[in-house]
S.K.: 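This is the structure I want to talk about, given as C-alpha cells.
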Amino acid sequence: MPELPEVEYVARQLHGELVGRRIERVEVSWPRIVAGMAPEELAARVAGRMVTGIGRRGKYLLIALEGGETLIVHRRMSGNLTLAPPDAADPYVRAAFALDDGRRLLYSDPRKFGRITLAADADLPRVFAALGPEPLDDETFTAAALAARLAGTKRPIKAALLDQGIVAGLGNIYADEALFRARIHPLRPADSLTPSEIAALREAIQAVLLVGIAHGGTTFGRHRDVYNEAGTNLEHIEAYRRTGQPCPRCGTPIERIVVAQRGTHYCPHCQRMDAN
DNA sequence: ATATCTGCCTGCTCGC
DNA sequence: TGCGAGCAGGCAGATA
C-alpha cells in the first residue's frame with residue numbers, strides 16, 4: 001500500500017517530470033475517484049493549467065497548478081501514478097491527465113479506493129488541519145511533540161501510529177517496522193511509553209521511512225513508481241508480513257496478531273509488553 | 001468528544 | 001482443477 005515513502009518517492013519523480021508542463025485535458029473513467037466536486041468541474045478547472053510544483057502531506061500527493069489551485073491525490077490501497085507510453089493498456093486506469101508533450105499521467109487503481117480532488121491553495125491548511133506532524137520534519141516531529149500526542153490515550157500504540165492525527169504518513173507496513181525497530185510491543189497502551197521509548201520510537205519512525213524512500217518504496221502488492229518500476233524496499237522489511245520467519249535480531253519466529261482490525265507483526269522476544 | 005465499527009472495492013490466497 | 005469464501009486495509013461516515 002502506498003504510505004509516506006511510496007508517495008514521497010513518486011512525488012520526487014513527478015517534480016522532475018511535471019513542473020513546467022501543462023495539463024491539457026483530464027479524462028475520468030471512474031467518476032467516484034473524484035471527490036468533493038463533479039468530475040466535469042475538476043476537468044474544467046485543471047485543463048490548460050501549468051504545473052508549478054509538487055508536494056506531499058502525509059500520504060497525500062500535491063500537484064500545484066498555476067492560478068492558485070492544487071490537485072490532491074490519495075492512492076489509498078492500490079493506486080498508482082504512472083507516465084505510461086502511449087500504447088500502454090491498463091484496464092484499471094480511472095483518470096488520465098494529458099500533458100502538453102504528448103504524454104499522459106495515468107491514475108490506475110483496481111480497488112477504486114483512491115481519491116482525487118482540487119482545492120484552492122488558501123484552503124490547504126484547512127484541508128489538512130486534522131493531520132499530525134510530518135514525521136521527517138525535525139522542527140515539528142520532536143520527541144516532546146510525539147509524547148504530547150500519545151499522552152492521555154490508552155489505545156494500543158499500533159493503533160495510535162495508524163491515526164493520521166498523531167503523525168501523518170504511517171500505514172500498516174511502516175507502523176509495524178517502526179515498532180519492531182524501537183522494540184515496542186504493538187499492544188502497549190500509548191500513554192504507557194517511557195520518555196526513552198518515545199525517543200526511540202521517533203528515531204525508528206524516521207529511520208524506516210528514510211530507508212523506504214531510498215529504495216523506491218515497498219512493493220508488496222501493487223506499488224509502482226512513475227516509470228512503472230517496483231520498489232525494492234521489501235528486502236529491508238524486518239517484521240511486516242514475515243509471520244513465522246525468524247526475527248532478524250534474535251531468530252524468534254515473528255508472530256501475527258490483530259490490532260485495531262489490522263494484521264500486526266512483531267517479535268515476541270524483542271518487543272515485550274513491559275517497558276524497557 | 002472520543003473510540004470503535006461499517007462500507008467502499010477487487011485481486012489474491014486458501015480449502016474443499 | 002475449479003470455485004466460493006475470506007482476507008487485505010486507508011479513510012469517511014456512522015454509531016456507541
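Convention: sequence-line order gives letters A, B, ...; per-chain numbering from 1. Note: hydrogens, waters and symmetry copies are ignored here, and every other heavy atom, side chains too, is used.
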S.K.: Provide, to the nearest angstrom, the distance between the CZ atom belonging to Arg32(A) and the P atom belonging to dG13(C).
M.R.: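 Distance check: Arg32(A) CZ to dG13(C) P gives 12 Å.
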S.K.: Report yes or no: do Ser78(A) and Asp109(A) form a side-chain donor-acceptor pair below 3.5 Å?
M.R.: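 Distance-only check passes for Ser78(A) and Asp109(A).
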S.K.: Any side-chain N or O of Thr153(A) below 4.0 angstrom from OP1/OP2 of dA3(B)?
M.R.: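 The answer is yes; a side-chain N or O of Thr153(A) sits under 4.0 Å from OP1 or OP2.
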S.K.: Identify the heavy atoms of Tyr107(A) and Gly79(A) that sit nearest to each other, and give their distance.
M.R.: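 That closest heavy-atom pairing would be OH-CA, 3.5 Å.
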S.K.: Can you tell me the distance, in whole Å, between the CD1 atom of Ile72(A) and the P atom of dC11(C)?
M.R.: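 The distance from CD1 of Ile72(A) to P of dC11(C) comes to 14 Å, rounded to the nearest Å.
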S.K.: Distance check needed: dC11(C) P versus Ile33(A) CD1, whole Å only.
M.R.: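 From Ile33(A) CD1 to dC11(C) P: 15 Å.
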S.K.: Closest approach to the side chain of Arg155(A), judged atom by atom: which nucleotide of dC8(B), dT4(B), dG11(B) is it?
M.R.: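 Shortest atom-to-atom distance from the side chain points to dT4(B).
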S.K.: Look at the side chain of His74(A) and decide which nucleotide, out of dC9(B), dC11(C), dG11(B), has an atom nearest to it.
M.R.: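 Nearest listed nucleotide: dC11(C).
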S.K.: Look at the side chain of Arg76(A) and decide which nucleotide, out of dC8(B), dA8(C), dC11(C), has an atom nearest to it.
M.R.: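 The answer is dC11(C).
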S.K.: Compute the bend angle of the helix from dT2(B)-dA16(C) to dC16(B)-dG2(C) from the end axes (five pairs per end), rounded to 10°.
M.R.: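 Answer for the end axes of this duplex: 50°.
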S.K.: Considering non-hydrogen atoms only, spot the tightest contact between Val93(A) and Ser29(A) and give its length.
M.R.: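 It is O-OG, 2.8 Å.
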S.K.: With heavy atoms under 4.0 Å as the rule, sort Tyr92(A) into base, sugar-phosphate or nothing.
M.R.: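 Tyr92(A): backbone/sugar contact only, no base atoms under 4.0 Å.
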S.K.: Phosphate oxygens OP1/OP2 of dC7(C): is one of them under 4.0 Å from a side-chain N or O of Arg256(A)?
M.R.: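 Answer no for this pair, as no side-chain N or O of Arg256(A) is under 4.0 Å from OP1 or OP2.
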S.K.: Calculate the interatomic distance between Met1(A) atom CE and dC8(B) atom P; express it in whole Å.
M.R.: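 Checked: the CE to P distance equals 22 Å.
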S.K.: When you group the ILVMFWY residues by side-chain heavy-atom contacts below 4.5 Å and let the links chain together, are Leu118(A) and Val127(A) in the same group?
M.R.: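 Different hydrophobic clusters.
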S.K.: Which atom names give the shortest non-hydrogen contact between Arg94(A) and Pro110(A), and what distance separates them?
M.R.: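 Between these two residues, the closest heavy atoms are NH2-O, 3.2 Å.
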S.K.: Whole Å only: how far is the CZ atom of Phe220(A) from the P atom of dC7(C)?
M.R.: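 Atom CZ in Phe220(A) sits about 18 Å away from atom P in dC7(C).
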S.K.: Rounded to whole angstrom units, what separation is found between the CG atom of Leu162(A) and the C1' atom of dA8(C)?
M.R.: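 Atom-to-atom, Leu162(A) to dA8(C), this comes out as 14 Å.
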S.K.: Atom CD1 of Ile166(A) and atom P of dT2(B): how far apart are they, to the nearest Å?
M.R.: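 Between P of dT2(B) and CD1 of Ile166(A): 11 Å.
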S.K.: Nearest whole Å is fine: how far is dC8(B) P from Arg115(A) CZ?
M.R.: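 Roughly 11 Å, once rounded to whole Å.
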S.K.: Using a 4.0 Å heavy-atom cut-off, does Arg75(A) contact any base of the nucleic acid, only the sugar-phosphate backbone, or nothing at all?
M.R.: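 Here Arg75(A) touches no strand at all.
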S.K.: Of the options dG11(B), dC7(C), dC11(C), whose atoms approach the side-chain atoms of Arg262(A) most closely?
M.R.: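 The answer is dC11(C), which lies nearest to the side chain.
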S.K.: Quick one: do the His223(A) and Arg75(A) side chains pair a donor with an acceptor below 3.5 Å?
M.R.: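 Yes, side-chain donor-acceptor contact under 3.5 Å.
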S.K.: Looking at every strand, decide which applies to Gly221(A) at a 4.0 Å heavy-atom threshold: base, sugar-phosphate, or nothing.
M.R.: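 Gly221(A): no heavy atom of the nucleic acid under 4.0 Å.
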S.K.: Within the 3.5 Å criterion, strictly below it, is a donor on Thr70(A) or Asp121(A) matched to an acceptor on the partner's side chain?
M.R.: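 Yes.
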S.K.: For dC11(C), does either OP1 or OP2 sit under 4.0 Å from a side-chain N or O belonging to Gln164(A)?
M.R.: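 So the side chain of Gln164(A) is within the cut-off, an N or O lying under 4.0 Å from OP1 or OP2 of dC11(C).
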S.K.: When we call it a touch if two heavy atoms are under 4.0 Å apart, what does Arg241(A) touch: a base, just sugar-phosphate, or nothing?
M.R.: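 Sugar-phosphate contact only - Arg241(A) comes under 4.0 Å of backbone atoms but never of a base.
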S.K.: Side chain of Tyr60(A) only, please: which of dA8(C), dT10(B), dA12(C) is the nearest?
M.R.: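 Nearest to the side chain of Tyr60(A) among the choices is dA12(C).
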S.K.: Could you say whether the aromatic ring of Phe113(A) and the base of dC11(C) stack, counting only centre distances under 5.5 Å and plane angles under 30°?
M.R.: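 Answer is no, no stack.
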S.K.: Any Lys/Arg nitrogen of Glu203(A) or Arg181(A) sitting under 4.0 Å from an Asp/Glu carboxylate oxygen of the other?
M.R.: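 The answer is yes: the pair qualifies as a salt bridge.
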S.K.: Select base, sugar-phosphate, or nothing to describe what Met77(A) touches, counting heavy atoms under 4.0 Å on all strands.
M.R.: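 The answer is base, as Met77(A) lies within the cut-off (heavy atoms under 4.0 Å) of a base atom.
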S.K.: For a quick test of reading the model: is some side-chain N or O of Lys59(A) closer than 4.0 Å to OP1 or OP2 of dC11(C)?
M.R.: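 Yes, because at least one side-chain N or O of Lys59(A) sits under 4.0 Å from OP1 or OP2 of dC11(C).
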S.K.: Heavy atoms from C-beta onward define the side chain here; which of dA8(C), dC9(B), dC5(B) lies closest to that of Gln261(A)?
M.R.: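 Within the option list, the nearest is dC5(B).
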S.K.: Could you check whether Gln206(A) and Asp138(A), counting side-chain N and O atoms only, form a donor-acceptor pair closer than 3.5 Å?
M.R.: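 The criterion, which ignores hydrogens and geometry beyond distance, is satisfied for Gln206(A) and Asp138(A).
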S.K.: Give one of base, sugar-phosphate or nothing for Tyr174(A), where a contact means two heavy atoms less than 4.0 Å apart.
M.R.: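 The answer is nothing, as Tyr174(A) stays clear of every strand by at least 4.0 Å.
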